[in-house]
Asks: 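Got a structure for you, written out below as structure tokens; questions coming shortly.
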Amino acid sequence: MGKTLFDKIWDAHVVKHIPDGPDVLYIDRHLVHEVTSPQAFSSLASRGLKVFRPEKTFATCDHNVPTLGQDEPIADESSRKAVEQLAANTAANGITYFPLGDPGNGIVHVIGPEQGIVLCGQTVVCGDSHTATHGAFGNIAFGIGTSEVEMVLATQCLLQSKPRQARITVDGSLAANVTPKDVILYVISRLGTDGCTGCFVEYAGEVFRNMSMEGRMTVCNMSIEMGAKGGMVAPDQTTFDYISGRRFAPAGEELAARISGWKALKTDEDAVFDREYHFDAADIGPMVTYGTNPGMGVAVDGVIPSEAVGCDAATFDKALAYMDFHKGEPMSGKKIDYVFVGSCTNGRIEDFRAFAKAVGGRRKAEDVTVWLVPGSKEVEAKIEAEGIGDTLRAAGFRIRQPGCSACLAMNADKIPAGKYAVSTSNRNFEGRQGYGARTILAGPLVAAEAAVTGYLSVPVI
Amino acid sequence: MNDKINIIESTAVLVPVDNIDTDQIIPARFLKTTGREGFGEKLFYDWRFGPDGAPVEDNPLAGQKGVILVAGNNFGCGSSREHAAWALHDAGYRAVVSSSFADIFRNNALNNFLLPVKVTEDYLSSITAVLKKAPDTVIRIDLGAQTISVPGAGEASFGINGYKKECLMKGYSDIDYLLADKESIIKYENSHA
């Protein structure tokens with residue numbers, strides 16, 4: 001029987017197998033941010049240990065940072081201390097760190113690929129559930145807890161049981177107003193918020209093959225939102241072109257040699273998955289969520305289901321009560337107070353290009369607060385270099401500075417209680433974007449429509 | 001936190017809500033501290049307190065006591081924050097019972113000697129029904145035998161791999177295992193350079 005792409009990478013990273021237990025899995029790349037690492041560094045120090053392979057770990061600050069006035073000290077004392085602690089921990093251990101304001105700074109899952117830190121066929125971990133993003137390059141990438149961060153710092157290994165495997169195939173072509181975010185929101189709405197728990201997913205088919213790396217990252221990023229341990233796309237020329245010329249990536253003959261090896265990174269034709277799902281691109285339209293988990297999604301021109309989907313009736317009713325939405329209501333036409341474009345899901349240059357294009361010649365709606373937050377300094381620089389910044393400012397928008405921002409509202413970017421926010425981020429959990437905030441997840445095109453009209457509607461491109 | 005687990009016997013706290021995510025277990029704004037202690041006070045904070053800090057009287061946990069949390073399906077989904085496991089452990093919990101656990105939460109729980117007990121949806125429904133009628137019911141979880149018994153709902157078995165079971169029963173941690181076998185790791189590195 002053939003091997004899956006996942007099998008090939010996993011097997012190549014098994015240091016040893018523990019009988020009736022997990023595998024010792026070697027980790028190629030470890031990404032670190034300030035929220036889930038301090039306890040790992042302090043515990044390591046209390047054992048009298050230093051980081052085992054510091055050249056395989058890279059760090060950035062992103063969750064706690066403000067998105068305005070980054071040249072000033074961080075006003076919130078505990079946020080400032082968390083960032084300072086990361087600077088001290090990385091310096092003490094010889095780890096490459098991209099501090100606030102550095103051209104390499106940004107959201108950990110945006111800068112990893114952007115800096116050429118993440119390549120193909122690797123094991124990639126980070127104390128962050130959206131680590132699945134890096135699967136877009138044909139990697140086994142998954143989020144870990146802080147105890148596991150410490151294990152990787154101490155030994156460059158983790159104890160992991162091999163998960164089951166699922167393949168999600170989407171064939172056909174997407175309509176012009178359907179983005180990668182809509183594809184993954186659609187898939188999650190079909191499979192449910194725990195539909196792939198215990199599984200690692202491979203995304204296959206025409207739709208993903210035709211997607212840019214930015215799009216594949218958006219899709220893989222949200223694998224965790226259906227419970228998957230991670231998601232991956234087999235690398236191809238699109239992947240190799242993206243990696244070429246990146247700061248930490250190999251170059252010249254070394255890159256050519258690596259690429260020829262990476263070309264073998266694909267699932268064998270006779271490989272068998274534990275589960276297979278097939279979807280047709282023609283069935284996917286622009287999507288939004290109506291509830292309090294990412295599986296509660298419908299097409300923008302659809303209606304809220306009349307009975308519970310993916311949970312029991314009480315949980316479903318609780319979600320609708322939180323959103324102040326009702327069964328059977330259309331989503332189109334709902335009034336929006338805030339729009340957030342950014343995050344490790346949709347904070348890349350393509351997302352801002354799409355947003356600007358959809359805004360067209362229109363102006364920001366007066367009564368909508370819009371936060372446009374680039375995923376990294378590099379994205380910010382491209383927004384300006386391509387003239388997107390000038391165009392959007394002329395239309396009444398403002399470009400903020402990079403960070404996780406309102407995705408999880410650890411900084412000052414909080415959506416007020418009761419307000420409706422169209423957010424290009426990844427989670428619509430109760431209180432995620434601020435106490436009582438009502439989040440509607442969507443892609444950058446739906447966000448643009450909401451930003452200029454103040455209402456949910458189908459984007460016309 | 002390496003308190004060994006063998007038998008856990010206690011009344012339960014019943015929260016029959018599906019898809020309880022780690023943002024509910026501990027909101028992100030409490031993750032700014034750099035230590036591991038004190039998170040128990042922040043457990044389910046936005047369920048227990050209003051925006052003004054006033055206690056919410058009819059919150060889902062009110063009036064319940066025990067070291068076993070019985071939750072709905074898909075417990076611990078979302079963010080990887082280990083603070084969720086720390087908060088539960090710090091608040092006194094030693095086991096969580098659900099019909100499904102998110103993968104990262106499950107690992108975090110095991111690494112903190114908080115036992116995730118995965119049961120069938122039918123058995124979870126039975127326990128939930130029993131606890132609704134008789135909140136003082138004492139649940140017994142036997143890690144050695146891998147069983148959970150609830151008077152009125154009967155006994156069920158749960159799975160855990162042999163390695164992890166031994167860790168929990170003897171107080172061993174994964175990191176100790178890995179540190180003790182650096183030799184294999186270096187050997188792997190040398191053969192994959």
Side-chain angles (χ1 to χ4, degrees), chain A residues 12 15-16 18-22 24 26 35-36 38-39 42 49 63-64 76 78-79 81-82 85 127-129 131 142-148 150-151 154-159 161 163 193-194 197-198 224 227 229 293 310-312 314-315 318 408-410 417 427 429-432 435-436, chain B residues 16-24 27-29 31-36 45-47 50-51 72-74 77-86 100-112 161-167 173-175 177-179 181-182 184-185 187-189 192:
Chain A
V15 173
K16 70 187 248 192
I18 302 173
D20 193 19
V24 177
Y26 194 81
V35 179
T36 55
Q39 297 87 352
S42 59
L49 295 172
H63 286 61
N64 276 282
D76 181 282
S78 47
S79 287
K81 283 186 172 163
Q85 188 67 52
D128 194 290
S129 60
T131 309
F142 56 92
I144 56 176
T146 299
S147 295
E148 293 172 313
E150 186 188 356
M151 291 174 212
T155 68
Q156 205 58 37
C157 285
L158 283 174
L159 293 177
S161 297
T193 192
D194 65 341
T197 301
I224 183 77
K229 191 166 180 75
N293 74 55
C311 59
D312 65 65
T315 303
K318 180 172 174 281
L408 82 170
M410 273 189 86
R427 290 188 174 133
F429 298 153
E430 284 184 24
R432 168 91 176 176
Y435 187 92
Chain B
V17 177
D18 289 346
N19 308 322
I20 295 176
D21 58 77
T22 53
D23 276 83
Q24 306 311 307
R29 64 183 184 279
L31 312 185
K32 295 181 184 184
T33 58
T34 54
R36 275 180 198 250
Y45 193 89
D46 289 345
W47 290 7
N73 187 49
N74 192 30
C77 58
S79 160
S80 65
R81 61 189 70 165
E82 192 163 319
H83 311 67
W86 296 337
S100 162
F101 291 93
D103 293 332
I104 306 176
F105 175 82
R106 189 172 185 281
N107 278 353
N108 287 341
L110 289 167
N111 284 331
N112 287 281
N161 71 55
Y163 161 83
K164 207 66 222 185
K165 180 169 157 181
E166 192 180 346
C167 284
S173 292
D174 284 3
I175 191 162
Y177 183 96
L178 290 168
L179 286 169
D181 199 12
K182 275 268 184 82
S184 296
I185 298 169
K187 205 169 129 195
Y188 171 90
E189 286 183 325
H192 288 75

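Here is the naming used below: chain letters follow the sequence lines, and residue numbers restart at 1 for every chain. The figures here come from the full heavy-atom set of this structure, side chains too, leaving out hydrogens, waters and symmetry mates.
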Asks: Between Ile144(A) and chain B, with a heavy-atom cut-off of 4.5 Å, which part of the residue counts as in contact: side chain, backbone, both or neither?
Replies: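 Ile144(A) touches chain B through backbone heavy atoms alone.
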Asks: Indicate yes or no for a side-chain donor-acceptor contact from Gln39(A) to the backbone of Arg36(B) under 3.5 Å, with no hydrogens or angles considered.
Replies: no
Asks: Check whether Asp18(B) reaches the backbone of Asp312(A) with its side chain - one donor and one acceptor, N or O, closer than 3.5 Å.
Replies: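 Here the side-chain-to-backbone pair exists.
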Asks: Quick one: list whatever passes side-chain contact (heavy atoms from CB on, under 4.5 Å) with Pro22(A), sequence neighbours left out.
Replies: Ile18(A), Leu159(A), Ser161(A), Asn161(B), Tyr163(B)
Asks: If you count heavy-atom pairs under 4.5 Å between each of Ala84(B), Pro16(B), Gly78(B) and chain A, which one has the most?
Replies: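 Ranked by heavy-atom pairs under 4.5 Å with chain A, first place is Gly78(B).
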Asks: Less than 4.5 Å to any heavy atom of chain A: does that hold for the side chain of Asn73(B), its backbone, both, or neither?
Replies: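 Asn73(B) touches chain A through side-chain heavy atoms alone.
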Asks: Could you look at Phe101(B) and say if it's the side chain, the backbone, both or neither that has a heavy atom under 4.5 Å from chain A?
Replies: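 Phe101(B) touches chain A through backbone heavy atoms alone.
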Asks: Given heavy-atom pairs under 4.5 angstrom as the criterion, report whether the side chain, backbone, both or neither of Arg427(A) touches chain B.
Replies: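 Looking at Arg427(A), just its side chain touches chain B.
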Asks: Are side-chain heavy atoms of Glu150(A) and Asn111(B) found at a separation under 4.5 Å?
Replies: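 They are not in side-chain contact.
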Asks: Sort Leu31(B) into side chain, backbone, both or neither according to what part of it lies under 4.5 angstrom from a heavy atom of chain A.
Replies: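 Both parts, heavy atoms under 4.5 Å.
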Asks: At their closest point, which heavy atom of Ser147(A) faces which heavy atom of Asn112(B), and how far apart are they?
Replies: OG-ND2, 4.2 Å
Asks: Name the option with the most non-hydrogen atom pairs under 4.5 Å to chain A; the candidates are Asn74(B), Thr22(B), Asn107(B).
Replies: Asn74(B)
Asks: For the interface with chain B, which of Gly145(A), Ala409(A), Gly21(A) has the highest count of heavy-atom pairs at distances below 4.5 Å?
Replies: Gly145(A)
Asks: Could you look at Thr33(B) and say if it's the side chain, the backbone, both or neither that has a heavy atom under 4.5 Å from chain A?
Replies: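 Backbone only.
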Asks: Can you confirm whether more than 12 heavy atoms, excluding those of Lys187(B), are under 6.0 Å from its NZ atom?
Replies: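 No, the 6.0 Å shell around NZ holds no more than 12 heavy atoms from other groups.
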Asks: Start with the C-alpha gap between Asp181(B) and Lys16(A), add the side-chain angles, then the distance that decides, and say whether salt bridge (charged side-chain N to carboxylate O under 4.0 Å, His left out) holds.
Replies: CA-CA 10 Å; Asp181(B) 199 12; Lys16(A) 70 187 248 192; 2.7 Å; yes
Asks: Checking Asn19(B) against chain A: side chain, backbone, both or neither under 4.5 Å from a heavy atom?
Replies: side chain
Asks: At a 4.5 Å cut-off on heavy atoms, which part of Pro51(B) comes close to chain A: side chain, backbone, both, or neither?
Replies: both
Asks: Could you list the residues that satisfy side-chain contact (heavy atoms from CB on, under 4.5 Å) with Tyr26(A), not counting sequence neighbours?
Replies: Val15(A), Asp28(A), Arg53(A), Lys56(A), Gln156(A), Cys157(A), Ile185(B), Tyr188(B), Glu189(B)
Asks: Under 4.5 Å from any heavy atom of chain B, what part of Ala417(A) do you find: side chain, backbone, both or neither?
Replies: neither
Asks: Roughly how far, to the nearest 0.5 Å, is OG1 of Thr36(A) from CD of Glu82(B)?
Replies: 9.5 Å
Asks: Are Phe142(A) and Asp103(B) packed together at the side-chain level, in the sense that at least one heavy-atom pair is separated by less than 4.5 angstrom?
Replies: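 Sidechains of Asp103(B) and Phe142(A): no contact.
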Asks: Are Lys32(B) and Asp76(A) within salt-bridge range, i.e. N to O under 4.0 Å?
Replies: yes
Asks: Please classify the contact of Leu49(A) with chain B as side chain, backbone, both or neither, using a heavy-atom distance under 4.5 Å.
Replies: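 Contact with chain B: side chain only.
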Asks: About how many Å separate CG of Leu158(A) and CG of Asp174(B), when rounded to the nearest 0.5 Å?
Replies: 8.5 Å
Asks: Taking Glu430(A) for the side chain and Gln24(B) for the main chain, is one N or O donor matched with an acceptor at less than 3.5 Å?
Replies: no
Asks: What residue in Val35(A), Asn293(A), Asp20(A), Asn64(A) has the most heavy-atom pairs under 4.5 Å with chain B?
Replies: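 Option with the greatest count: Asp20(A).
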Asks: Between Ser100(B), Ala102(B), Ser79(B), Gly72(B), which has the largest tally of heavy atom pairs under 4.5 Å with chain A?
Replies: Ser79(B)
Asks: Using a cut-off of under 4.5 Å on heavy-atom pairs, state which of His63(A), Gln85(A), Glu148(A) scores highest against chain B.
Replies: Glu148(A)
Asks: Let me know if Ala314(A) has heavy atoms under 4.5 Å from chain B in its side chain, its backbone, both or neither.
Replies: neither
Asks: Do the side chains of Ile104(B) and Ser129(A) get nearer than 4.5 Å, heavy atoms only?
Replies: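 A side-chain contact under 4.5 Å exists here.
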Asks: Quick one: what part of Lys164(B) sits under 4.5 Å from any heavy atom of chain A, side chain, backbone, both or neither?
Replies: neither
Asks: In terms of heavy-atom proximity below 4.5 Å to chain A, should Thr34(B) be classed as side chain, backbone, both, or neither?
Replies: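 Both parts, heavy atoms under 4.5 Å.
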Asks: Can you say whether Phe429(A) sits under 4.5 Å from chain B via the side chain, the backbone, both, or neither, judging by heavy atoms?
Replies: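 Looking at Phe429(A), backbone and side chain both touch chain B.
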